[in-house]
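Working notes, beginning with the structure itself.
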Amino acid sequence: MYDFPQWQKHRSSYRFAERLFQLSQSHILQNALPAISWVTLVATLVASYGYSYDQHMLPDVFPSISPNASCTAFISNTSVALSLLLVFRTNSSYGRWDEARKMWGGLLNRSRDIMRQGATCFPDDQVEAKKALARWTVAFSRALRIHFQPEVTIESELQNILTPAELQMLAKSQHRPVRAIHAISQVRAGTGKSARVHTA
């Protein structure tokens with residue numbers, strides 16, 4: 001979810017220069033690097049073999065791998081199908097990304113609604129209960145993201161949000177998003193004391 005300053009930064013053309021220095025942190029590049037490395041290695045070996053053969057650096061028993069009419073025809077006939085496949089894959093990937101962005105935005109909006117409505121249910125003197133509700137509402141959103149995409153650990157993501165006892169309890173849970181929802185229900189059902197008792 002972008003606010004106006006973030007949107008101004010995002011639409012600035014200077015961000016491309018900044019992204020060049022962050023390529024090593026790209027998850028897309030990290031996922032594609034093994035396949036790219038393998039293709040590069042095979043291409044280097046084939047090119048080295050072809051160069052060595054053309055320079056008569058190899059014995060005559062080695063076969064020639066120079067391009068022929070069959071290879072050229074195969075590449076020409078499959079290039080159209082490959083381009084269509086890439087287009088369909090790109091559209092499908094963008095559709096999934098857009099759907100995930102909408103769902104994440106909806107989750108953030110619902111989290112704000114839960115916090116706003118839940119805070120009105122507590123008297124003004126129950127400050128700790130309101131803080132517990134806020135902690136676990138944030139913890140649910142982040143635990144759900146890590147549950148589907150475990151790029152970071154739950155400890156590093158929530159160490160400044162939950163108390164040490166709450167964080168330890170959540171980290172040991174089998175299904176962390178459900179455990180966070182249960183903690184929200186505990187806070188909402190009582191005075192907030194129940195959530196602290198169960199984390200001890």
Side-chain angles (χ1 to χ4, degrees), residues 1-111 138-158 171 174-178 180-181:
M1 299 295 292
Y2 284 108
D3 55 18
F4 188 73
Q6 289 177 331
W7 177 247
Q8 281 187 315
K9 181 180 179 180
H10 176 75
R11 66 194 295 263
S12 174
S13 59
Y14 294 103
R15 75 182 189 278
F16 296 109
E18 182 182 353
R19 292 296 185 269
L20 290 177
F21 298 98
Q22 299 178 351
L23 288 178
S24 60
Q25 302 176 4
S26 173
H27 297 294
I28 297 177
L29 183 61
Q30 293 175 4
N31 294 334
L33 189 59
I36 294 175
S37 301
W38 170 251
V39 172
T40 302
L41 176 62
V42 173
T44 302
L45 293 177
V46 171
S48 300
Y49 181 88
Y51 177 80
S52 301
Y53 185 87
D54 293 338
Q55 298 297 321
H56 305 288
M57 299 171 60
L58 299 176
D60 296 337
V61 296
F62 285 85
S64 174
I65 57 172
S66 58
N68 50 52
S70 300
C71 294
T72 304
F74 176 79
I75 295 175
S76 300
N77 294 332
T78 57
S79 60
V80 177
L82 181 61
S83 62
L84 292 176
L85 178 62
L86 291 176
V87 170
F88 292 146
R89 292 284 295 176
T90 301
N91 292 339
S92 177
S93 299
Y94 179 78
R96 290 196 297 268
W97 173 84
D98 187 59
E99 184 67 20
R101 183 185 64 84
K102 293 177 181 177
M103 295 180 67
W104 181 251
L107 177 62
L108 294 180
N109 291 333
R110 289 301 301 156
S111 298
V138 175
F140 166 71
S141 300
R142 298 191 180 185
L144 183 63
R145 181 176 67 85
I146 297 174
H147 182 74
F148 289 110
Q149 196 172 11
E151 298 176 350
V152 295
T153 61
I154 195 71
E155 291 82 3
S156 62
E157 190 73 7
L158 294 175
Q174 185 175 2
H175 198 289
R176 293 165 179 171
V178 173
I181 293 177

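We're numbering straight along the sequence, starting at 1.
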Query raised in the report: Partners of Q55 by side chain to side chain donor-acceptor pair (under 3.5 Å), sequence neighbours excluded?
Result: none

Query - Distance-only donor-acceptor check, side chains S92 and R96, under 3.5 Å - result: yes

Report summary line: Residues R176 and A171: closest non-hydrogen pair is NH2-O, 3.1 Å

Report task. Would you confirm whether R142, through its side chain, and I154, through its main-chain N or O, come within 3.5 Å as a donor-acceptor pair? Result -> no

Query raised in the report: Do the side chains of R145 and V152 get nearer than 4.5 Å, heavy atoms only?
Result: yes

Requested in this report: Check whether any side-chain heavy atom of S141 lies under 4.5 Å from a side-chain heavy atom of W104, and answer yes or no.
Outcome: yes

Report summary line: Closest non-hydrogen contact found for L58 with Y53 is CD1-N, 4.0 Å

Query raised in the report: In Å, rounded to the nearest 0.5 Å, how long is the span from CH2 of W38 to CG of L41?
Result: 6.0 Å

Query raised in the report: Roughly how far, to the nearest 0.5 Å, is CD of E99 from OH of Y94?
Result: 12.0 Å

Report task. State, to 0.1 Å, how close T90 and L86 come at their nearest heavy-atom pair, and which atoms those are. Result -> OG1-O, 2.7 Å

Requested in this report: Assess whether atom CG of D98 is packed by more than 12 heavy atoms of other residues, nucleotides or ligands within 6.0 Å.
Outcome: yes

Query raised in the report: Measuring from H175:NE2 to L144:CG, what's the distance to the nearest 0.5 Å?
Result: 8.0 Å

Query raised in the report: Quick one: NE2 on H147 to CZ on F140, what's the gap to the nearest 0.5 Å?
Result: 10.5 Å

Report summary line: CD of E155 to CD1 of I146, rounded to nearest 0.5 Å, is 8.5 Å

